[in-house]
Undergrad: 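Have a look at this one.
The structure displayed is predicted, hence computed values, not measured ones.
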Amino acid sequence: MWFWFSLIALFCWSGSDLFSKLGCADKSDKYSHYKMVTAVGVVMGLHALYSIFVGGVEVTGSAILRYLPVSALYIVSMAIGYIGLRYIELSISSPICNSSGAIVAVICLITGQTLAVPQYIAVALVCIAVIALGFVEANEDDELRALRQEKSNYKYSKSALAIVLPLIYCLLDALGTFADSIVLETLDEDVANTAYELTFLICGIVAFIYVKFIKKQRYFPKKEVPKYAGAIFETAGQFAYIYALADSEHVAMAAPIISAYCLLSVVWGRIFIKEKLSWKHYLTIAIAIVGIVILGLYDA
């Protein structure tokens, strides 16, 4: 079953990327990221309640507090990622965000851990690709940018935020992953995941109160549909990911399959959002994906 769970995680997380992009790309709605947090919080909260009352997972206030630093890093990174989707193509954002594995590897090196030679190569590939991607974005001619975006559903101009926000997501997600590996040494995975979902639910409620009652913004059901679709895909992908990696004998095969979801995100961006990149973009993205897959291969 590990193979099918891996494919489910691959499709769900790439689907989450696509629908989150559709739900947050409207620059006229400066509160779209708060609304996205609410959507994810609602769906994850429902799954958490299912885990508690049907799955029998026992979550205490102490467990929620123990996992809170990790939850905070993940949730803040996702919120920043949602903001970033207003300023850049999904085809560029997803590979940058998914490069967090390379940052984790760097953190491990700083803390004294050693890596296999292919892992060093992978980290170098990802870092080079991200830097090169930023350079390509910053130096692309405005006329060429407008020309390739002519048939796209969204138009973008040069902006430092376009690269900075996905990079911040990448860094925070990497710190969350590193902290996760430490906390999970003493905390059950199901309990940790449910604690994370409950924390997200609380954040979603706070975000809703802020947008609806403090900022007095309106919610339009048609515009909220992509957000909740993205939230469902995000939660389903997390569920499949846990079960895919639960089969310890096949982690080395499952991890690279799942880590390549950003490749599928690029495909969805090209098909459904009509994103068209230059050959330089695609080259740097390809280099990043090669590094990500290598890191996934050695994730065990």
Side-chain angles (χ1 to χ4, degrees), residues 9 12-13 16-17 19-20 23-24 31-85 97-98 100 103-104 107 165 168-215 219 224 227-243 245-246:
C12 284
W13 275 346
S16 175
D17 273 357
F19 284 106
S20 296
C24 296
Y31 299 101
S32 61
H33 56 293
Y34 287 109
K35 296 175 181 178
M36 189 69 213
V37 169
T38 295
V40 176
V42 168
V43 175
M44 284 197 174
L46 291 173
H47 183 257
L49 294 176
Y50 175 86
S51 299
I52 294 170
F53 294 108
V54 179
V57 177
E58 297 183 4
V59 182
T60 63
S62 174
I64 294 175
L65 289 175
R66 284 175 61 191
Y67 201 68
L68 185 58
V70 180
S71 297
L73 286 168
Y74 283 147
I75 294 170
V76 172
S77 69
M78 289 178 69
I80 290 174
Y82 296 144
I83 300 173
L85 290 174
C97 292
N98 205 31
S100 58
I103 305 298
V104 174
I107 295 173
L165 290 174
I168 294 175
Y169 169 97
C170 179
L171 177 60
L172 292 178
D173 186 67
L175 291 172
T177 301
F178 183 74
D180 213 352
S181 66
I182 297 174
V183 175
L184 289 179
E185 291 179 359
T186 57
L187 189 64
D188 179 77
E189 290 183 357
D190 288 332
V191 172
N193 188 60
T194 305
Y196 167 63
E197 291 179 332
L198 289 174
T199 304
F200 219 129
L201 173 61
I202 295 171
C203 291
I205 293 172
V206 172
F208 175 78
I209 293 172
Y210 175 74
V211 173
K212 182 67 176 178
F213 298 106
I214 297 179
K215 293 299 181 179
Y219 282 79
E224 297 306 304
K227 296 182 180 68
Y228 281 87
I232 291 171
F233 275 108
E234 176 68 30
T235 305
Q238 180 67 23
F239 179 81
Y241 170 80
I242 292 173
Y243 281 92
L245 297 191

Undergrad: Which pair of heavy atoms, one from Asp173 and one from Ser77, lies closest together, and at what distance?
TA: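 So the minimum-distance heavy-atom pair works out to N-CB, 3.9 Å.
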
Undergrad: Under 4.5 Å between any side-chain heavy atoms of Lys227 and Thr38, yes or no?
TA: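 No. Closest side-chain heavy atoms not under 4.5 Å.
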
Undergrad: Report the distance from atom CZ of Phe200 to atom CD1 of Ile205, rounding to the nearest 0.5 Å.
TA: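 If I round to the nearest 0.5 Å, the distance is 12.5 Å.
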
Undergrad: Has Lys35 got its NZ or CZ under 6.0 Å from the middle of the six-membered ring of Tyr219, at an angle within 45 degrees of the ring axis?
TA: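 Verdict for Tyr219: a cation-pi partner in Lys35.
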
Undergrad: Atom CG in Leu85, atom OH in Tyr169: separation rounded to 0.5 Å?
TA: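 If we round to the nearest 0.5 Å, Leu85:CG and Tyr169:OH are 10.0 Å apart.
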
Undergrad: Within the 4.5 Å heavy-atom criterion, are Val37 and Phe208 side-chain neighbours or not?
TA: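 Answer no - side chains too far apart.
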
Undergrad: Indicate yes or no: at least one non-hydrogen side-chain atom of Ser100 is less than 4.5 angstrom from one of Cys170.
TA: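 A side-chain contact under 4.5 Å exists here.
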
Undergrad: Please name the pair of heavy atoms, one in Ala231 and one in Ala39, separated by the smallest distance, quoted to 0.1 Å.
TA: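 For Ala231 and Ala39, the tightest heavy-atom pair comes out as CB-O, 3.5 Å.
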
Undergrad: Can you give me every donor-acceptor pair (side chain of residues 58-69, partner residue at least two apart or in another chain, under 3.5 Å) with its distance?
TA:
residue, atom, partner, partner atom, Å
Thr60, OG1, Ala63, N, 3.2
Arg66, NH2, Thr186, O, 2.9
Arg66, NH2, Thr186, OG1, 2.9
Tyr67, OH, Asp180, OD1, 2.8
Tyr67, OH, Asp180, OD2, 3.1

Undergrad: Nearest heavy-atom pair of Ala9 and Gly237: which atoms, and what distance?
TA: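 Where Ala9 meets Gly237 most closely, the heavy atoms are CB-O, 3.9 Å.
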
Undergrad: Could you pull out the closest heavy-atom pair between Ser16 and Gly230, with the gap in Å?
TA: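 Of all heavy-atom pairs spanning Ser16 and Gly230, the closest is OG-O, 3.3 Å.
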
Undergrad: So do the side chains of Asn193 and Gln238 get within less than 4.5 Å of each other, counting heavy atoms only?
TA: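 With C-beta onward as the side chain, the pair touches.
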
Undergrad: Could you tell me the separation between the OH atom of Tyr241 and the SG atom of Cys12, rounded to the nearest 0.5 Å?
TA: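 Those atoms lie 14.5 Å apart.
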
Undergrad: Considering only heavy atoms from C-beta outward, does the side chain of Val206 approach that of Tyr34 to under 4.5 Å?
TA: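 No, side chains not in contact.
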
Undergrad: Does any non-hydrogen side-chain atom of Tyr82 lie less than 4.5 Å from one of Val40?
TA: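 SC-SC contact between Val40 and Tyr82 confirmed.
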
Undergrad: Roughly how far, to the nearest 0.5 Å, is CH2 of Trp13 from CG of Asp17?
TA: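 CH2 of Trp13 is found 10.5 Å from CG of Asp17.
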
Undergrad: For the residue pair Leu198 and Ala48, what are the closest heavy atoms and their distance?
TA: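 For Leu198 and Ala48, the tightest heavy-atom pair comes out as CD2-CB, 3.7 Å.
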
Undergrad: Please tell me if the side chains of Tyr196 and Met44 come closer than 4.5 Å, counting only heavy atoms from C-beta onward.
TA: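 Tyr196 vs Met44: side chains touch.
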
Undergrad: Among all residues two or more places apart in sequence or in another chain, which pass the side-chain contact (heavy atoms from CB on, under 4.5 Å) test with Leu46?
TA: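 Testing Leu46 for side-chain contact (heavy atoms from CB on, under 4.5 Å), a comparison that skips the adjacent residues, returns Val42.
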
Undergrad: Minimum heavy-atom separation for Cys24 to Ser32, with atom names?
TA: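 It is O-OG, 3.6 Å.
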
Undergrad: Just wondering, do Tyr228 and Phe19 contact through their side chains at under 4.5 Å, heavy atoms?
TA: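 Not touching, per the 4.5 Å side-chain cut-off.
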
Undergrad: Can you tell me how far OG1 of Thr194 sits from CG of Leu49, rounded to the nearest 0.5 angstrom?
TA: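 Reported to 0.5 Å precision, the distance equals 9.5 Å.
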
